[in-house]
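Each remark here refers to the structure printed beneath this line.
Heads up: numbering here begins at 1 and tracks the sequence. It should be emphasised that the depicted structure is a prediction, and the values quoted were computed from it without experimental measurement.
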Amino acid sequence: QVTSLVMNEVEATDVPRARVHRLAEAEQTLDVSVRHSDQGYLRYFQGNDSDYETRARFRLLAQLLSAPFYERLRTNQQMGYIVQGTYYPMLESPGIGFIVQSPDNGFETIDESVQTFLREQESRLAKLDKESLEREKQAVISGLAQDDTRLSEVADRYWREIDRRNLDFDRKEQLIDAVKRIDHDALMATYRDAI
């Protein structure tokens, strides 16, 4: 037996959308006492806006920084057993997160290694040649262009588009076009501004 509920004479309600807020300087570090000996660390950088160009540049920066971050902090420095640099959006706001979980290193040691890594990456990225930049852009585009493999992924994507009031359902295509348009100067400006 199937029971259905029909809602007659129901008023539409506006539900406020969630928003991302920039934290004040005093709120940017959180020290939490837990019953675990590991140190958890997250350094997060967020874009100033959520336009397609900014989202595309943050995705590309994450692509360029992820493997070197892992190699430096996990492989070379053995800073922790979970080490990850990743594109980390919150709602529509783009961001990059640098994550470390370590049983042996404290916050100061991890933070110093992360900040040293990020300072050194500026000069590496400044020397990035055009062919390497195009190869990394293509890697981001390939990831964006992947088809959904499950029906739930398709449904989630459409509901996100509806929630964001993008009734053209073209977010993926807009991001791909924005990645294609990134030049070296714009990438470096975003790195210097955000990180």
Please determine if Glu161 and Arg164 form a salt bridge, counting it only when a charged side-chain N lies under 4.0 Å from a carboxylate O.
no

Measure the shortest side-chain to side-chain distance between Lys130 and His184 over non-hydrogen atoms and say whether it is less than 4.5 angstrom.
no

Any sub-3.5 Å donor-acceptor pair from Asp129's side-chain atoms to Glu131's backbone N or O?
yes

Rounded to the nearest 0.5 Å, what separation is found between the CD atom of Glu136 and the CD1 atom of Ile141?
11.5 Å

Testing the basics here: between Pro68 and Arg124, what is the closest heavy-atom pair and its distance to 0.1 Å?
CG-NH2, 3.7 Å

Please answer whether the main-chain N or O of Ser113 pairs with a side-chain N or O of Thr116 as donor and acceptor at a distance below 3.5 Å.
no

Please tell me whether Leu61 and Tyr44 are part of a single hydrophobic cluster in this structure, the criterion being side-chain heavy atoms less than 4.5 Å apart.
no

If you count heavy atoms of other groups shown closer than 6.0 angstrom to CD of Glu112, is the number above 12?
no

Heavy-atom side-chain contact between Phe169 and Ile162 under 4.5 Å
yes

With hydrophobic residues grouped by side-chain heavy-atom distances under 4.5 Å, do Ile195 and Leu133 end up in a single group?
yes

Grouping I, L, V, M, F, W and Y whenever their side-chain heavy atoms are under 4.5 Å apart, do Trp159 and Leu175 come out in a common cluster?
no

Once rounded to the nearest 0.5 Å, what's the spacing between atom CD1 of Ile96 and atom CZ of Phe45?
8.5 Å

Quick one: do Glu92 and Arg55 make a salt bridge, cutoff under 4.0 Å?
no

So, do Arg72 and Val83 sit near enough that their side-chain heavy atoms are less than 4.5 Å apart?
no

Over all heavy atoms of both residues, which pair between Glu53 and Arg181 is shortest? Give the atoms and the distance, please.
OE2-NH2, 2.7 Å

Of all heavy-atom pairs between Ala62 and Tyr87, which one has the smallest distance, and what is that distance?
CB-N, 3.5 Å

Polar side chain donor-acceptor pair, Ser102 to Gln39, under 3.5 angstrom:
no

Is the backbone of Leu60 close enough, under 3.5 Å, to the side chain of Lys137 for a donor and an acceptor to pair up by distance?
no

Measure from the side-chain N and O atoms of Lys172 to the backbone N and O of Gln146, and report whether any donor-acceptor pair falls under 3.5 Å.
yes

Here the pair of heavy atoms bringing Ala186 nearest to Arg57 is O-CD, 3.5 Å

Just wondering, do Gln46 and Tyr88 contact through their side chains at under 4.5 Å, heavy atoms?
no

Fit a plane to each ring of Phe107 and Tyr41, take the angle between them on a 0 to 90° scale, and name the class: parallel (under 30°), tilted (30 to 60°) or perpendicular (over 60°).
tilted

Do the side chain of Thr54 and the main chain of Ser50 share a donor and acceptor less than 3.5 angstrom apart?
no

What distance separates Leu65 CG from Leu125 CG, expressed to the nearest 0.5 Å?
5.5 Å

Side chain to side chain, Leu73 and Val100, heavy atoms closer than 4.5 Å:
yes

Tell me whether Thr86 contacts the main-chain N or O of Gly97 through its side chain, where contact means a donor paired with an acceptor under 3.5 Å.
no

Neighbour count >12 (heavy atoms, 6.0 Å) for atom OH, Tyr158
no

Rounded to the nearest 0.5 Å, how far apart are CD of Gln84 and CZ of Phe98?
10.5 Å

Hey, does Val140 have a side-chain heavy atom less than 4.5 Å from the side chain of Ile176?
no

Which heavy-atom pair separates Phe58 from Ala194 by the least distance, and what is that distance?
CZ-CB, 3.6 Å

Return the minimal non-hydrogen interatomic distance between Ala178 and Ala56, and the atom names on each side.
CB-CB, 3.6 Å

The reported gap from CE in Met79 to CZ in Phe117 (rounded to nearest 0.5 angstrom) is 12.5 Å

Taking the side chain as every heavy atom from C-beta outward, state whether Gln138 and Glu134 have any pair of such atoms under 4.5 Å apart.
no

Return the CG to CG distance between Asp49 and Asp51, rounded to the nearest 0.5 Å.
4.0 Å

Test side chain to side chain contact (heavy atoms under 4.5 Å, CB included) on Leu128 and Leu64 and set out the steps.
CA-CA 10 Å; Leu128 196 64; Leu64 287 160; 3.9 Å; yes

